Amino acid sequence: MSYQHQDLFEKWFKIWEDLKIYQVSDLLPKEKKEYILVEFPYPSGSGLHIGHAFSFVGADVYARFQRMKGKNVLFPMGWDAFGLPTENYAIKTKSKPQEITAQNTATFKRQMKKLQLSFDWSREINTTDPQYYQWTQWIFIQLFKKGLAFKKEMPINWCPQCKIGLANEEVVDGKCERCGAEVTRRNISQWIVKITDYADRLLQGLEKTNFIEKVKRSQINWIGASEGAQIIFPIELSSSQKEKIEIFTTRPDTLWGATFMVLAPEHPLLDKILKVCSEKKNKEIKEYIKKSKKKSDLERVDLDKEKTGVFTGLYALNPVNKKEIPVWISDFVLSSYGTGAIMAVPAHDQRDWEFAQKFGLEIIPVIKPDQEWNFQEKAYVDVEKGTLINSGPINNLSPDQAFSKMINWLQEKGIGRSAKNYHLRDWIFSRQHYWGEPIPMIFCPQCGWQPAKEEDLPIELPKVERYHPTDTGESPLSQIKEWVETTCPLCGGPAKRETDTMPNWAGSDWYFLRYIDPQNQEKLVDLEKARKWLPVDIYIGGDEHNTLHLLYSRFIYQFLWDLGVVPSEHPEPYQKRISHGVILGPDSQRMSKSKGNVVDPEEVMGRFDKYGSDILRIYLMFIGPFEGTMAWNDQSLTGIKRFLDKIEKAIQSSLDFSSTKDNCSINPRMETILHQTIQKVSQDIKETKFNTAVAGLMEFLNEIRAQSQEKKISVKILENFLLLLSPFAPIFCEEQWQKIKSKSKSIFLENWPEFDSRLTQDKKIEFVVQVNGKVREKIDLSTGLKQKEVEEIIFALPQIKKYLLGKKPKKIIFLPDKLINIVI
RNA sequence: GCCGAAGUGGUGAAAUUGGUAAACACGCAUGGUUUAGGACCAUGUGCCGUAAGGCUUGUGGGUUCAAGUCCCACCUUCGGCACCA
């Protein structure tokens, strides 16, 4: 940043800070509150990049606008600072994650201030601060107490060479990112949070929100509720050992077409099957299970992949026709979805069909489609349409009718029931890493798992010398004996602490509550304060958080709502969610350090003598739609500089002309343009259409420059113009404002201009004349003319006569003050 | 694979939701100004055509007086997919 801008920045920053214009009081009336939330960043080592600047400036323009509209705006910022990159960096540089985080947040904050982001820093939070995460831990304890957190064996990615657990991101093409060894799956005992208990509420709650459609859709799809039936298939392992396989299906009406069954390789029945089968089979099955452990879920269900599987040698009974059907094992069935077992209806499911083809299994069509179909060629999957066949008593019914009939029948016979299944899976909450919130649980050999006492919170992360994950797959915390060994909160006997830490989501799913009451020592948040500020009026964030972060966050909020921690009148935390776009590197690739395409906002600001941050801010808002994805390209920056230069010049020449009295008369046309611009800019900012708001301001400047003779523009017009521009260019507008008003109060303490709707109407318009839908002429007309009057004028025009060729019009379409279309 | 979004000039993009396609800006061209360069000012700039005129919003079809916008089919690109945050 150049000296000139640096000086202005420091000058105004201090004045605004002293005025406390960004700080918001809890005492102001609730009616005028506006809670504007923008996702807090992960403070990486490379500093703020241009994408951060883009979304934060957008949120900031919106916040400044609302303040000037007289709203009591809560616009806070904090740090989501736990995470793998910091931990990895600490390992690499042999430094402490705490110190790195402190450095990174300091850099981020300094850069944010340079960008003139108007956050209320008195409410700053940091997820790695024990004063903050004691409440993250407190929430976990409540989840445990309500039975929503439990331990279970779950698979993780495991690198057998590095002997550590890997995040999905660290697995590239099935290989370890660090050493290149083949990654396997390994079961370890992990904390699971039962988000599925809230599936229905998370769905229904969406109706109360005003999220943009695509966000709602992604939440609905992720929860993925499907109606169907749970059905029991009996199976005989031996003459004395009778078992059953429970399956979930969305199409119980196709039960007559079920010709085989498939178990997931993790299915619990496999242990029993392995005991009864032949030695050869045993070996074959074990081999298959071992292989499937290497694959991720995504690979397993990939339709393009060749189906694999192994026959158990056993048969189950199809409950409708008592037919014996073979039981197979295949990894395209997931243990985490449904019951981990399926009935296969190869005629009407593509995956089942491929499996049947490969292993030569029977295919029985049970739905006859309306069009031609050969079941030897592919499955008929459009099962809502058609007629039931080969299905005994439900023949000739429609699939819908058959569905209800089957549910009733299954229930009567006691072999099945109506069931709802969710795509949503329970939340794996454990991480075997150091840099996260310790899970506040203690294992006592006598009393089992016990939560830490709430008065002992926070359970602080101990300072360690080594952060490297351990050979056993346990968290590095397990190495610190004096920390691990503790006493049982229940019986007082010797016990051990949980050494896993929480996922990154844990700290970020409730942070918006802490901003409301960041210093509270007694409670997570004061209920009265929460009542005043909730719900978040607008939540601005990236697409990548529209599904998971938002869902987890809503879940935790709903859980806290059940506990009575948050006000009962607000069952949902976020009123509106909008997602901002992404700025890609100049090469149209996602910005990343390794690609070397990261654009640094400080460098961009530094290119301009004066108004560095103002130019960058306006440019970012002008470059494209706020929701859009765009590649960084700084060609047009110079256009913004010209824009500001022109304004400065216009103001100077107006002041030179009339420093005391405003004797430039405002003509009616200028009045109209002013009010139209106030309307447009206000509306656009409200709808986060910042790019067209800026374009509107540019148009306004061009118009008033053209309208005013001798380049003198009325000071009143210029004042309004500066007010409209001020959310985009704070320093520039404040400087110019002071120039005009001399020793006035800050522009940010002024009110946003209001428009008069009577004055936004043009007196004259360009009227469009079409012949057969083609534009043939445009004429200047005064507004308010009736159809007859317009017809009289246009039929006299020689250009129009030419097109009519003396014929009589068949039809005339007339839109007042806009267009006439003559059809001949 | 599943889910979602998007295809408009040389470039970034607009288009009040069915009513003037290309606003605003960059770039480019010509002229002016300038010792030169830069900066600035003025004019022009979708494509074809000397012109009259014709054509134009990924491709093909449809609805309508009228389609970038609505409907059907197709092509292409991008994003998310549960341990990155």
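What you see is a predicted model; the values in this text were computed from it and never measured. Every chain is numbered from 1 and lettered A, B, ... according to where its sequence line falls, protein lines coming before strand lines.
- Going from the C1' atom of G19(B) to that of C40(B) covers 41 Å, rounded to whole Å.
- Between Lys641(A) atom NZ and C24(B) atom P there is a gap of 21 Å when expressed in whole angstrom units.
- In the set G27(B), A85(B), C24(B), the nucleotide with an atom closest to the side chain of Ala695(A) is C24(B).
- For Arg425(A), no side-chain nitrogen or oxygen approaches OP1 or OP2 of A82(B) to under 4.0 Å.
- Salt bridge annotation for Glu498(A)-Lys151(A): present, with a cationic side-chain nitrogen under 4.0 angstrom from a carboxylate oxygen.
- Ring to ring, Trp191(A) and Phe140(A) are close: their centroids are under 6.0 angstrom apart.
- Side-chain atoms of His545(A) and base atoms of A85(B) include a donor and an acceptor less than 3.5 Å apart.
- Look at CG on Asp349(A): it is 12 Å from P on C2(B), rounded to the nearest Å.
- For Lys778(A), taking side-chain heavy atoms from C-beta onward, the closest of the listed nucleotides C83(B), U20(B), C24(B) is U20(B).
- A salt bridge links Arg577(A) with Glu39(A): at least one charged nitrogen is closer than 4.0 Å to a carboxylate oxygen.
- With salt bridges taken as basic N to acidic carboxylate O contacts below 4.0 Å, none links Asp426(A) and Lys152(A).
- Atom C1' of G12(B) sits at a distance of 34 Å from the matching atom of U63(B), rounded to the whole Å.
- In the set C83(B), C41(B), U20(B), the nucleotide with an atom closest to the side chain of Gln770(A) is U20(B).
- As rounded to the nearest Å, G80(B) and A85(B) have P atoms that lie 15 Å from one another.
- Using a 4.0 Å heavy-atom distance criterion, Leu84(A) is classed as a sugar-phosphate-only contact.
- Between the CG atom of Asn546(A) and the P atom of G80(B) there is a distance of 12 Å, given to the nearest Å.
- Regarding Asp645(A), its CG atom lies at a distance of 7 Å from the P atom of C40(B), rounded to whole Å.
- Here the options are Ile812(A), Leu815(A), Ile813(A), Val771(A), the test is side chain to side chain contact (heavy atoms under 4.5 Å, CB included), and the partner is Ile820(A); only Ile812(A) passes.
- Of the candidate nucleotides C26(B), C40(B), C24(B), C40(B) has the atom nearest to the side chain of Lys649(A).
- Taking atom CD of residue Glu699(A) and atom C1' of nucleotide A15(B), one finds them 12 Å apart after rounding to whole Å.
- Electrostatic pairing of Asp543(A) and Lys214(A) counts as a salt bridge here, judged by a charged N lying under 4.0 Å from a carboxylate O.
- Distances shorter than 4.0 Å separate none of the side-chain N or O atoms of Arg642(A) from OP1 or OP2 on A25(B).
- Atom CZ of Arg351(A) and atom P of G1(B) are 14 Å apart (whole Å).
- Within 4.0 Å of Asn702(A), counting heavy atoms only, lie sugar-phosphate atoms of the nucleic acid but no base atom.
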Point to revise | nucleotides 3-14 of chain B: protein proximity per nucleotide (B base, S sugar-phosphate only, - neither; heavy atom, under 4.0 Å) | key: SS------SBSS
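- The CZ-C1' distance, from Arg705(A) to C40(B), rounds to 11 Å in whole Å.
- Atoms CE (Met591(A)) and C1' (C84(B)) sit 18 Å apart, rounded to a whole Å.
- Between A21(B) and C41(B), the distance separating the two C1' atoms is 30 Å to the nearest Å.
- Look at Lys774(A) and you won't find any side-chain N or O under 4.0 angstrom from OP1 or OP2 of G19(B).
- Of the residues in residues 504-512 of chain A, Asn504(A), Trp505(A) come within less than 4.0 Å of RNA chain B through at least one heavy atom, sorted by number.
- For the P atoms, the distance linking G38(B) with C47(B) amounts to 26 Å, nearest Å.
- Judged by atom type and distance alone, His423(A) reaches the base of A82(B) through a side-chain donor-acceptor pair under 3.5 Å.
- In this structure, the nucleotide among C24(B), C83(B), C65(B) sitting nearest to the side chain of Ile813(A) is C65(B).
- Comparing the P positions of C74(B) and C26(B) gives a spacing of 43 Å, expressed to the nearest Å.
- The ring of Phe690(A) has its center no closer than 6.0 angstrom to the ring center of Phe622(A).
- Of the residues Tyr552(A), Phe429(A), Tyr511(A), the one that meets the ring pair (Phe, Tyr, Trp, His ring centres under 6.0 Å) test with Trp505(A) is Tyr552(A).
- Using a 4.0 Å heavy-atom distance criterion, Glu687(A) is classed as making no nucleic acid contact.
- Of the two residues contacting RNA chain B, namely Leu424(A) and Glu766(A), the nearest-nucleotide position lying further toward the 5' end is that of Glu766(A).
- In this structure, Asp645(A) does not pair ionically with Lys649(A), as no charged nitrogen and carboxylate oxygen lie closer than 4.0 Å.
- Side-chain contact between Phe728(A) and Arg617(A) is absent, with no heavy atoms from C-beta onward closer than 4.5 Å.
- Residue-to-nucleotide proximity on RNA chain B shows that, of Lys818(A) and Val694(A), the 5′-proximal contact is made by Lys818(A).
- Counting non-hydrogen atoms under 4.0 angstrom, Glu39(A) reaches nothing in the nucleic acid.
- Stem analysis of RNA chain B (at least three stacked-register Watson-Crick or G-U pairs, each with both distances under 3.5 Å) gives B:1-7 with B:75-81, B:10-12 with B:24-26, B:27-32 with B:40-45, B:46-48 with B:53-55, B:58-62 with B:70-74.
- Here the separation of C24(B) from G79(B), taken at their P atoms, is 33 Å to the nearest Å.
- Glu627(A) comes within 4.0 angstrom of no nucleic acid atom, judged by non-hydrogen atoms across all strands.
- In this structure, Val775(A) reaches the sugar-phosphate backbone alone: every heavy-atom distance under 4.0 Å involves primed, P, OP1 or OP2 atoms, never a base.
- A distance of about 15 Å separates the C1' atoms of G18(B) and U57(B), rounded to the whole Å.
- Taking the six-membered ring where the residue is Trp, the centroids of Phe555(A) and Trp510(A) are separated by 6.0 Å or more.
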